[in-house]
Novice: 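What follows is a single structure, and I will ask about it in a moment.
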Amino acid sequence: AFGLSAHKGGQIESGRGVYKRAMPFFTLRFDSLDSALGILLGLDDMLDSAKKGKLIMEGAPEFGAQIGEYMLTVAGFIQ
């Protein structure tokens, strides 16, 4: 699985597997790299992906909204 974790102080880690150095306050986990790219490239919707189990959001929902906005900003740079 591929994931993105947010930590206090604005640090964000991404990569395969579980981040073990510190407990994140919010984590996005994707079932595959294709699912992550689908959201970043605007091919898939975040809510639909979450409903289908392609995207799992763990942690405080208010941080999920902020990270979702950051992902959309990154997606704008990619396109």
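Start at 1 with the first residue, then count along the sequence.
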Novice: Table please: side-chain donor-acceptor pairs of residues 40-48 below 3.5 Å, with sequence neighbours left out.
Specialist:
from  : atom 1 : to    : atom 2 : distance (Å)
Asp45 : OD2    : Leu47 : N      : 3.3
Asp45 : OD2    : Asp48 : N      : 3.3

Novice: About how many Å separate OG of Ser32 and CG of Leu55, when rounded to the nearest 0.5 Å?
Specialist: 11.0 Å
Novice: Please report the shortest heavy-atom distance between Asp31 and Gly53, naming the atom on each side.
Specialist: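 Taking every non-hydrogen atom into account, CB-O, 4.3 Å.
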